[in-house]
Amino acid sequence: QVVFALNQTLLQQESLRAGSFQIPYTTEDLIKHYNCGDLRSIILNHDTSQVPNFINASLPAHERITAQEIDSYFRQELIYKRNERMGRRVKDLLEEHPDKSLFFAFGAGHFMGNNTVIDVLRREGYEVEHTPSGQAI
């Protein structure tokens with residue numbers, strides 16, 4: 001699986017360089033939607049946006065199964081579990097210091113797709129509000 005993932009990543013990078021493959025959104029698109037608080041946008045609503053996409057219709061059936069297994073593993077281990085840990089840490093700190101103001105900063109990837117840090121906190125009963133850039137907190 002590691003060799004397969006490495007080969008697919010290299011093929012994807014070669015396709016990007018050659019211009020035969022394009023990412024469906026630009027960095028400017030990501031910034032615009034993030035700043036507007038549009039985190040559920042179709043552009044950002046990819047559970048695996050932080051990891052290479054190995055699932056590809058042109059793969060033979062046995063390789064497609066491998067790609068799905070790797071994709072599922074990455075989504076679970078690198079995104080969902082990490083967001084769950086981070087959300088629990090935030091909750092614990094808020095509960096340990098109820099009389100203090102705390103500030104938490106996360107990369108944009110922790111707010112994209114499903115099972116985000118925000119989703120974890122909301123499940124724990126917290127109200128989370130978006131503050132647009134330029135707006136005072």
Side-chain angles (χ1 to χ4, degrees):
Q1 286 182 342
V2 172
V3 171
F4 174 83
L6 199 55
N7 283 333
Q8 290 303 309
T9 301
L10 291 172
L11 287 170
Q12 190 176 50
Q13 292 301 312
E14 288 171 1
S15 296
L16 278 169
R17 277 189 174 182
S20 59
F21 174 75
Q22 297 215 345
I23 295 174
Y25 49 83
T26 66
T27 301
E28 289 78 22
D29 292 329
L30 293 174
I31 292 168
K32 176 183 150 212
H33 287 276
Y34 179 78
N35 283 337
C36 291
D38 189 13
L39 300 177
R40 299 267 178 223
S41 154
I42 191 70
I43 290 173
L44 300 179
N45 201 13
H46 298 286
D47 290 335
T48 57
S49 60
Q50 296 174 322
V51 295
N53 181 19
F54 299 121
I55 302 173
N56 174 332
S58 66
L59 292 173
H62 70 283
E63 287 186 359
R64 211 169 308 131
I65 291 168
T66 300
Q68 288 169 338
E69 289 170 354
I70 292 170
D71 184 73
S72 177
Y73 173 82
F74 277 160
R75 186 180 313 117
Q76 189 64 36
E77 296 298 322
L78 298 182
I79 299 172
Y80 295 163
K81 283 186 178 179
R82 185 175 61 185
N83 286 344
E84 197 70 39
R85 277 192 312 273
M86 294 171 104
R88 278 196 314 270
R89 286 181 191 155
V90 168
K91 175 188 171 284
D92 291 346
L93 285 167
L94 290 170
E95 289 174 359
E96 287 174 29
H97 307 283
D99 56 332
K100 292 188 178 183
S101 291
L102 302 173
F103 176 83
F104 302 95
F106 302 97
H110 298 287
F111 301 104
M112 294 188 232
N114 300 312
N115 300 311
T116 67
V117 172
I118 291 173
D119 294 332
V120 171
L121 292 170
R122 285 185 174 146
R123 278 195 310 267
E124 293 292 333
Y126 288 91
E127 183 179 325
V128 181
E129 293 180 20
H130 172 74
T131 303
S133 68
Q135 180 179 326
I137 298 177

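Source: prediction; values computed, not measured. Side chains are part of it too, since the values below use all heavy atoms of this structure and drop only hydrogens, waters and symmetry mates.
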Query raised in the report: So which of Val120, Thr116, Asn115 actually passes side chain to side chain contact (heavy atoms under 4.5 Å, CB included) with Ile118?
Result: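 The option that passes is Thr116.
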Query raised in the report: Considering only heavy atoms from C-beta outward, does the side chain of Leu121 approach that of Phe104 to under 4.5 Å?
Result: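 No, every pair of side-chain atoms sits at 4.5 Å or beyond.
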Query raised in the report: Do the side chains of Arg122 and Val128 get nearer than 4.5 Å, heavy atoms only?
Result: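 Yes - at least one pair of side-chain heavy atoms lies under 4.5 Å apart.
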Query raised in the report: Taking only residues two or more places apart in sequence or in another chain, which ones pass side chain to side chain contact (heavy atoms under 4.5 Å, CB included) with Gln76?
Result: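 In terms of side chain to side chain contact (heavy atoms under 4.5 Å, CB included), with neighbours along the sequence ignored, Gln76 is linked to Tyr80, Lys81.
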Query raised in the report: For Gln135, which residues count as a side chain to side chain contact (heavy atoms under 4.5 Å, CB included) partner, sequence neighbours excluded?
Result: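 Once residues adjacent in sequence are excluded, the partners of Gln135 under the side chain to side chain contact (heavy atoms under 4.5 Å, CB included) criterion are Thr131, Pro132.
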Report task. With sequence neighbours excluded, tell me which residues meet side-chain hydrogen bond (donor to acceptor under 3.5 Å, both in side chains) with Arg89. Result ->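 Here no residue qualifies.
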Requested in this report: Applying side-chain hydrogen bond (donor to acceptor under 3.5 Å, both in side chains), name anything that partners Glu69, two or more places apart in sequence or on another chain.
Outcome: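 Once residues adjacent in sequence are excluded, the partners of Glu69 under the side-chain hydrogen bond (donor to acceptor under 3.5 Å, both in side chains) criterion are Gln1.
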Query raised in the report: In Å, rounded to the nearest 0.5 Å, how long is the span from CD of Glu124 to CG of Asp92?
Result: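 If we round to the nearest 0.5 Å, Glu124:CD and Asp92:CG are 9.0 Å apart.
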Side chains of residues 93-102: which donor-acceptor partners sit under 3.5 Å, not counting sequence neighbours?
unit_1, atom_1, unit_2, atom_2, d
Glu95, OE1, Lys91, NZ, 3.3
Glu95, OE2, Lys91, NZ, 3.2

